[in-house]
Asks: 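Pasting in a structure now, in structure tokens, and then I'll have a few things to ask.
The chains referred to below are lettered A, B, ... by the order of the sequence lines, with proteins before strands, and numbering in each begins at 1.
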2 protein chains.
Amino acid sequence: MSSFREQKIAKKKREILRSAAAVLAEKGYHGTTMEEIAAQLLMTKGSMYYYFKNKDDILYHCHQMIMELSLEKIEEVVNSDLNPIEKLESAIKAHILLSTKEKSMFMIMDKPYQKFTDDQLNEVLDARRNYAHYFDKILNEGIEKQVFEIDDTKMVRMIILSAINYIQQWYNQDGPQTGEEIAESYASNLLKMVVKKS
Amino acid sequence: MSSFREQKIAKKKREILRSAAAVLAEKGYHGTTMEEIAAQLLMTKGSMYYYFKNKDDILYHCHQMIMELSLEKIEEVVNSDLNPIEKLESAIKAHILLSTKEKSMFMIMDKPYQKFTDDQLNEVLDARRNYAHYFDKILNEGIEKQVFEIDDTKMVRMIILSAINYIQQWYNQDGPQTGEEIAESYASNLLKMVVKKS
DNA sequence: ATACTATTTAAACTAATAGTAAAAAAATAA
DNA sequence: TTATTTTTTTACTATTAGTTTAAATAGTAT
């Protein structure tokens, strides 16, 4: 029974998370105060504690939000009936489209060990390993089907993930390239690293 | 007249920077206290202020140290008489060898706009643009000499820089790969993106 | 209108920490 | 040894920010 009220709270929480992510991305976790997060939403910092346990909790829910979205997308690609080349291309493009659209959220996701401990840290690290694993799956499938030629899967996967994971650091909404253009270019260039020459 | 005393101070400063970088890399800038930095060197935080103006100053000098080293190395490569393929290979390897050797220093160099303002920020950003520019130079030289085939130099440069700039995030001194092995693999894979097939 | 609940606010509390300055200690020179 | 300078420590200040609480306000149902 997700009542009207519960929906309203959920909506407010999402609003707070989106707004918080923007400030956190700009100033960093320890550089952002609860007051700043609140002010941007025209609230007082006290109100934040009605919706979230504490500052960590806000950051944690930002992570959860994006991790869910990211995993959904990659799972869809991996489980599709595309061939490995198309899968890798789709996975790269999907990631880039999401990370440029949700730049702030992606920007606050680095160095989780500086921000979380115990269960929360493990959950975040697991989700990441999971995500990386899906890329390995695509790469291995391509090797098996002899469309990819890769000497060291882990290194190639790291190059791909690093490249796409750094985009949020320099991408600018108002810059010369759109997310789509970057996705197109990155996909075509990164595929050159793995596609077998016939 | 770089007296004995001045040399001693310079040495101590370097010691502080190296030690500080280790803590800063682990805990983040705002997550690291002056006391922690001092404690690791068996000093008291008061002493830190004898050598550095403040906390920012420590971070800033860490940046300077690495930027100088990095620029030296890339300049050497760019000005060498190697062919473009060898130059790109050397530049990639040199970067990776340095960033794995000086992991902590490299780790604290992200998001400079969160840490610096004004002159210091500009200096850091300039050094980075400079560094990126050297890669462009190598890429363009390769295109001119028709050994590289690149559709969008900026995108390719970003992929290369992102890939090598992320290594410090996952590299582990005690991990399975040495810096040399990573350098070897990254160079050979990244070159596949640009070298013209004859 | 009234009673009740949900939400927001303002103020107070607490703990932590960057930075300072004066005194103490150590090193050096006369 | 004594005087002087360099380095380190200790104790202090002021500020800042996360969190809590109790009261006020707004919203809803009877």
Asks: Identify whether any heavy atom of B/K53 sits under 4.0 Å from a base atom; if not, whether one sits that close to sugar-phosphate; answer base, sugar-phosphate or nothing.
Replies: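 No contact.
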
Asks: So does A/Y49 get a side-chain nitrogen or oxygen closer than 4.0 Å to the phosphate oxygens (OP1/OP2) of D/dT21?
Replies: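 It does not, given that no N or O in the side chain of A/Y49 lies less than 4.0 Å from OP1 or OP2 of D/dT21.
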
Asks: Assess A/K93 against A/Y186: is NZ or CZ under 6.0 Å from the centre of the six-membered ring, and within 45 degrees of the ring's axis?
Replies: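 No cation-pi geometry.
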
Asks: Between the side chains of B/Y113 and A/E26, is a donor N or O closer than 3.5 angstrom to an acceptor N or O?
Replies: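 No - no donor-acceptor pair under 3.5 Å links their side chains.
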
Asks: Kindly indicate whether the side chain of A/K45 and the base of D/dG18 share any N or O donor-acceptor pair separated by less than 3.5 Å?
Replies: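 Yes.
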
Asks: Do B/L71 and B/Y134 pass the side-chain contact (heavy atoms from CB on, under 4.5 Å) test, and can you show the C-alpha distance, the side-chain angles, and the key distance before you say yes or no?
Replies: CA-CA 9 Å; B/L71 284 172; B/Y134 281 122; 4.1 Å; yes

Asks: OP1 or OP2 of C/dT8 less than 4.0 angstrom from a side-chain nitrogen or oxygen of A/Y50, does that happen here?
Replies: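 No, A/Y50 has no side-chain N/O under 4.0 Å of OP1/OP2 on C/dT8.
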
Asks: Name the nucleic acid region contacted by A/K12, choosing base, sugar-phosphate or nothing; use a 4.0 angstrom heavy-atom cut-off, strictly under.
Replies: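 The answer is sugar-phosphate, as A/K12 gets under 4.0 Å only of primed atoms, P, OP1 or OP2.
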
Asks: Could you give the NZ-to-P distance, from B/K8 to C/dA26, as a whole number of Å?
Replies: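 Atom-to-atom, B/K8 to C/dA26, this comes out as 14 Å.
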
Asks: Between D/dT19 atom P and A/I37 atom CD1, what is the distance in whole Å?
Replies: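 It is 10 Å, rounded to the nearest whole Å.
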
Asks: Given the ring of B/F148, does B/K196 sit roughly above its face, with NZ or CZ under 6.0 Å from the centre of the six-membered ring and within 45° of the axis?
Replies: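 No, B/K196 and B/F148 do not form such a contact.
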
Asks: OP1 or OP2 of D/dT7 sitting under 4.0 Å from any side-chain N/O of B/Y51?
Replies: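 No, because none of the side-chain N or O atoms of B/Y51 sits under 4.0 Å from OP1 or OP2 of D/dT7.
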
Asks: Using 30° and 60° as the class boundaries, would you call the ring planes of A/H95 and A/F106 parallel, tilted or perpendicular?
Replies: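 If you compare the ring of A/H95 with that of A/F106, the planes turn out perpendicular.
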
Asks: Tell me: CZ of B/F52 to C1' of D/dT8, nearest whole Å?
Replies: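 Interatomic distance, CZ of B/F52 to C1' of D/dT8: 16 Å.
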
Asks: Is B/K115 paired with B/D110 through a side-chain N to carboxylate O contact shorter than 4.0 Å?
Replies: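 B/K115 and B/D110: salt-bridged.
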
Asks: Please list, by residue number, the residues of residues 16-36 of chain A whose heavy atoms come closer than 4.0 Å to an atom of DNA chain D; answer none if no residue qualifies.
Replies: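 Those residues are A/T32, A/T33, A/M34.
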
Asks: From CE of B/M48 over to P of D/dT7, roughly how many Å is that when rounded to an integer?
Replies: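 Computing the B/M48:CE to D/dT7:P distance gives 14 Å.
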
Asks: So is A/K55 actually on top of A/Y29's ring, under 6.0 Å and inside 45° of the axis?
Replies: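 Yes, A/K55 lies over the aromatic ring of A/Y29.
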
Asks: Pick base, sugar-phosphate or nothing for B/I9, based on heavy-atom distances below 4.0 Å to the nucleic acid.
Replies: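 Touches sugar-phosphate only.
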
Asks: Of the options D/dT8, C/dT28, C/dG19, whose atoms approach the side-chain atoms of B/N54 most closely?
Replies: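 The answer is C/dG19, which lies nearest to the side chain.
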
Asks: 5'-most contact on DNA chain D: A/G46 or B/T44, nearest heavy atom basis?
Replies: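 Here B/T44 is the residue nearer the 5' end.
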
